[in-house]
Asker: 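Below are the structure tokens for one structure; questions will follow.
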Amino acid sequence: MDDGLNAEQRSAVNTLAGPLLVLAGAGTGKTRVVTVRIAKLIRQGIQPDRILAVTFTNKAAAEMKERVGAQLGKRLKSMPVVSTFHSHCVRVLRCHIRKLGYPEKFAIYDRGDQESLARGVLREIRVPGEMLKPSDLLFHIGNWKTKCIRPQDAEAVAETDKEHLAAIAYRRYQAKLKTLGAVDFDDLLLLTEQLFTESQEALREEANRFDHLLIDEYQDTNGSQYRIVKALASGHRNLCVVGDDDQSIYGWRGAEVQHILRFARDWPDATVVRLEQNYRSTAEILEMSNRLIAFNKTRHPKVLKPSRSGGPKPRVEQFKTETEEAEGVVADIQRLLLSPDWEPRDFAILFRTNEQPRAFETELRKVKLPYVLIGGMSFFDRREVRDLLAYLKLLASPDDEVAARRIINTPPRGIGNKTIEQLTSAAVQEGISLWEVMHRPGPMQALAPVARQAVTSFCELIKSFRARVEGGESLVDITRSLLTAIKYEDDLTRTCADENETQARWAAVEEVVNALGAYESKARKPDLRKFIDDVALGDSEFDNEKDKQLKKNAIALMTMHSAKGLEFPHVYVVGLEEGLLPHHRSVEADGDAIDEERRLCYVGVTRAEERLTLTMALTRMKWGKPRETIPSRFLFELIGQADNPHARSAAHAAPARPAQGRRKTGRATSTTRTSPPKKTAAKKAAPKKNVAKKSTSTRPASQRPAGTPPPRKGQRKP
DNA sequence: CCTGGCATCATTTTT
DNA sequence: TGATGCCAGG
């Protein structure tokens with residue numbers, strides 16, 4: 001049954017017991033190995049539902065489920081549990097969170113909710129916006145949470161004024177979450193971890209639920225996840241982790257490559273299997289990729305070996321502006337699409353930041369090529385979607401203050417800021433929720449009669465619909481009638497500039513209703529809260545939509561982050577410029593930030609199966625102003641001076657470069673390049689490169705001005 | 001209380 | 001450039 005597996009893959013599949021680390025390079029058939037392995041476990045008599053596979057994204061989970069299903073046929077009574085960390089933690093917490101003093105029906109706050117909450121907290125403690133913005137606060141809280149620093153300890157570690165302020169706000173934020181019976185994304189992990197340390201009973205119960213634990217994308221686990229994994233696996237020790245340290249791109253979210261790097265130390269009897277045979281990309285693409293990633297200092301050494309030969313050479317293209325970059329790329333795609341070999345879905349344009357796709361979108365629209373913009377959590381950020389979800393949340397959990405605030409006066413029903421202010425301060429004083437305070441005679445009497453009336457009827461509205469939910473009526477019906485009751489469509493008509501916008505927004509509302517309908521018809525026992533959880537965790541019907549989008553025959557536009565795990569015949573990695581691909585935040589940060597950017601770039605280029613195009617713009621609009629750019633250092637690393645005369649000449653020219661500072665980029669690290677690699681040269685003139693091996697090992701020291709800040713640690717191991 | 005206009009502000013990646 | 005916040009007028 002493991003026919004067609006190579007030796008490496010086979011050994012990964014056959015090590016069924018004990019700790020196993022699979023170091024799977026890009027395009028080495030990792031998913032296949034994992035699914036075959038799971039299937040094999042089941043064939044050996046392991047109960048499917050005693051296997052827990054944890055993936056990083058919902059998409060990956062869905063895919064894995066599908067493939068395991070395909071391997072085994074549908075006649076299984078149960079299926080392996082495939083879940084993301086976050087979803088699994090929700091499941092665990094729903095059972096045990098009482099032990100931590102939270103209500104069983106806790107609400108999950110997404111980013112938008114967090115922001116509202118943060119805003120409220122800052123208002124309450126009267127911190128003016130210029131001293132600490134909600135996003136700043138969340139940034140700090142996020143940092144602390146990923147480092148497991150509790151609110152009460154944050155002040156001790158705070159250094160700057162902002163941090164001290166944030167520490168105070170953090171206490172309040174966390175306390176508030178708790179009284180509201182809500183948890184944020186980080187809490188899901190943090191609380192699970194806490195649960196496991198505080199309750200042996202809960203830990204035992206959860207750990208005993210499975211005999212085999214499998215973690216995909218292990219390089220992206222953060223501290224909490226790492227400890228949760230350890231806790232769950234230390235009993236049976238049947239832990240299989242799969243990942244590629246070279247593709248660790250979530251350090252900013254607390255992921256630590258160290259976890260995968262030291263797996264063998266954590267589990268001394270671990271088997272380590274390397275998958276290096278790449279089935280995805282042409283030899284030349286791989287050569288570039290290998291050469292690039294070799295500049296990173298800390299990694300499990302591995303070199304991807306090609307199985308494909310031939311194919312067009314990877315190209316580097318340089319344009320004057322980002323508009324021309326978009327035009328150039330799109331024109332190239334258009335040209336290729338003339339051939340019957342390719343269709344739109346074979347193309348992907350990968351970028352670093354979310355402002356980049358704009359130019360490509362307009363261009364693609366202009367020439368009427370179908371495209372999909374993946375990611376960009378735009379859908380849930382849309383006003384109308386958030387509004388409707390807030391109503392649903394309020395129906396599901398009465399104390400959801402953030403939701404309440406959002407829709408208490410949407411559409412306008414005569415509850416203005418002043419009223420809300422009064423109610424809030426009363427709630428703070430009495431230490432109760434906004435919802436509760438609306439039922440206290442005292443604070444209510446203090447309101448102006450008109451406002452009081454408005455508040456009362458709002459409460460009635462919510463209560464009546466909540467009763468219908470509890471009565472078990474169809475959620476879709478309830479939602480439809482709710483939308484009618486609040487005259488939401490009228491409100492949209494009123495507030496939108498034109499009819500198109502109204503329609504678009506209403507369509508989004510309908511989409512939510514449809515998703516609810518889909519959920520309702522699929523779920524055995526539909527539960528509004530579960531639906532809302534799924535939406536918050538990105539595990540909803542919407543994602544199926546997104547997946548369908550990907551399957552739509554369209555050119556894919558996405559960030560390199562969201563491209564992980566995907567592959568396309570034609571890949572355009574765009575915006576290879578200093579400050580953009582090594583993002584300036586990473587350039588300024590010290591430590592391993594640049595290495596992560598390099599990994600990101602590596603992820604980008606290794607998506608390409610057939611043909612890779614790297615592009616950059618010589619000037620790029622920033623904040624409405626055109627700004628000169630500098631070619632990304634990765635460009636030089638990718639090309640490899642040994643292979644390309646222009647890259648070589650660039651390297652030779654380098655000694656001149658330390659005479660820098662003429663271009664006022666303000667950063668000492670900037671290399672004052674005057675002649676970036678010429679596209680034609682890179683494209684055509686590249687001589688046959690049988691010298692790749694040599695070129696990987698030596699990055700001329702001269703290429704980077706000596707002694708410039710980001711110390712080149714890029715010495716690769718022998 | 002609501003709205004629209006003006007100013008200001010900040011620019012990464014996402015479960 | 002675009003998103004958001006604040007203020008003044010309705």
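Because only heavy atoms are used, hydrogens play no part in the values below, and waters and symmetry mates are left out as well, while side chains stay in. Chain letters run A, B, ... following the sequence lines, proteins first, then strands; residues in each count from 1.
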Asker: Just to confirm, is there a sub-4.0 Å distance from OP1 or OP2 of B/dC2 to any side-chain nitrogen or oxygen of A/Asn409?
Answerer: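 Yes, A/Asn409 has a side-chain N/O under 4.0 Å of OP1/OP2 on B/dC2.
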
Asker: Output the rounded distance in Å from CD (A/Gln247) to C1' (B/dT13).
Answerer: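 Taking atom C1' of B/dT13 as the reference, CD of A/Gln247 is at 15 Å.
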
Asker: Please check the phosphate of B/dT14 (OP1 and OP2 only) for any side-chain N or O of A/Thr559 closer than 4.0 Å.
Answerer: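 A/Thr559 to B/dT14 OP1/OP2: side-chain N or O found under 4.0 Å.
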
Asker: Find the distance A/Glu115:CD to C/dA3:P and express it as a whole number of Å.
Answerer: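 In whole Å, C/dA3 P lies 14 Å from A/Glu115 CD.
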
Asker: Whole angstroms only, please: what is the CZ-P distance between A/Arg119 and C/dT4?
Answerer: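 One finds 9 Å between P of C/dT4 and CZ of A/Arg119, rounded.
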
Asker: Nearest to the A/Thr84 side chain among B/dT14, B/dT15, B/dT12, which nucleotide is it?
Answerer: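 Selected nucleotide: B/dT15.
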
Asker: Whole-Å distance between B/dT15 P and A/Glu217 CD?
Answerer: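 In whole Å, B/dT15 P lies 12 Å from A/Glu217 CD.
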
Asker: Choose from B/dC2, B/dT12, B/dT13 the nucleotide whose nearest atom is closest to any side-chain atom of A/Arg585.
Answerer: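 So the nucleotide nearest the side chain must be B/dT12.
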
Asker: Sort out for me which residue in A/Glu355, A/Glu325, A/Glu628 forms a salt bridge (charged side-chain N to carboxylate O under 4.0 Å, His left out) with A/Arg620.
Answerer: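 Considering A/Glu355, A/Glu325, A/Glu628, a salt bridge (charged side-chain N to carboxylate O under 4.0 Å, His left out) with A/Arg620 is found only for A/Glu325.
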
Asker: Rounded to the nearest angstrom, tell me the gap between atom CH2 in A/Trp252 and atom C1' in B/dT13.
Answerer: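 One finds 4 Å between C1' of B/dT13 and CH2 of A/Trp252, rounded.
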
Asker: Does NZ or CZ of A/Lys564 lie under 6.0 Å from the centre of the six-membered ring of A/Phe56, at an angle within 45° of the ring axis?
Answerer: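 The answer is yes, since A/Lys564 meets both limits relative to A/Phe56.
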
Asker: Could you pick out which residue, A/Thr419 or A/Glu597, lies toward the 5' side of DNA chain B when each is mapped onto its nearest nucleotide?
Answerer: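 In this pair, the answer is A/Thr419.
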
Asker: Touch check for A/Asp110, heavy atoms < 4.0 angstrom, all strands: base, sugar-phosphate only, or nothing?
Answerer: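 Here A/Asp110 touches no strand at all.
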
Asker: Please report, rounded to the nearest Å, how far the P atom of B/dT15 is from the CD1 atom of A/Ile249.
Answerer: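 Checked: the CD1 to P distance equals 11 Å.
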
Asker: When the distance from CG of A/Asn354 to P of B/dT14 is rounded to whole Å, what number comes out?
Answerer: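 Roughly 6 Å, once rounded to whole Å.
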
Asker: Has A/His583 got its ring stacked on B/dT12, by the test of a centre gap below 5.5 Å and a plane angle below 30°?
Answerer: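 Stacked: centres under 5.5 Å apart, planes under 30°.
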
Asker: Distance only, no hydrogens: is a donor on one side chain within 3.5 Å (strictly under) of an acceptor on the other, for A/Tyr602 and A/Gln247?
Answerer: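 The criterion, which ignores hydrogens and geometry beyond distance, is not satisfied for A/Gln247 and A/Tyr602.
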
Asker: Output the single nucleotide from B/dT14, B/dC2, B/dT12 whose closest atom is nearest the side chain of A/Tyr250.
Answerer: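 Of B/dT14, B/dC2, B/dT12, B/dT14 is nearest to the side chain of A/Tyr250.
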
Asker: Would you classify A/Phe56 as touching base, sugar-phosphate or nothing, given that sugar-phosphate means primed atoms plus P, OP1 and OP2, and contacts are heavy atoms under 4.0 Å?
Answerer: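 Result for A/Phe56 = sugar-phosphate.
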
Asker: Rounding to an integer number of Å, can you tell me how far A/Leu122 CG sits from C/dT4 P?
Answerer: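 Rounded to whole Å, this separation is 17 Å.
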
Asker: Among side-chain atoms of A/Gln225 and A/Asp220, is any donor-acceptor pair under 3.5 angstrom?
Answerer: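 Side chains of A/Gln225 and A/Asp220: no pair found under 3.5 Å.
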
Asker: Distance check, P atoms only: B/dT13 and C/dT4, in whole angstrom units.
Answerer: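 The answer is 14 Å between these two P atoms.
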
Asker: Cationic tip of A/Arg94 within the cone over A/Phe106's six-membered ring, i.e. under 6.0 Å and within 45° of the normal?
Answerer: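 Judged by the rule, A/Arg94 and A/Phe106 form a cation-pi pair.
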
Asker: With C1' as the reference atom in both, quote the distance from B/dT12 to C/dG5 in angstrom, rounded to an integer.
Answerer: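 It works out to 23 Å between them.
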
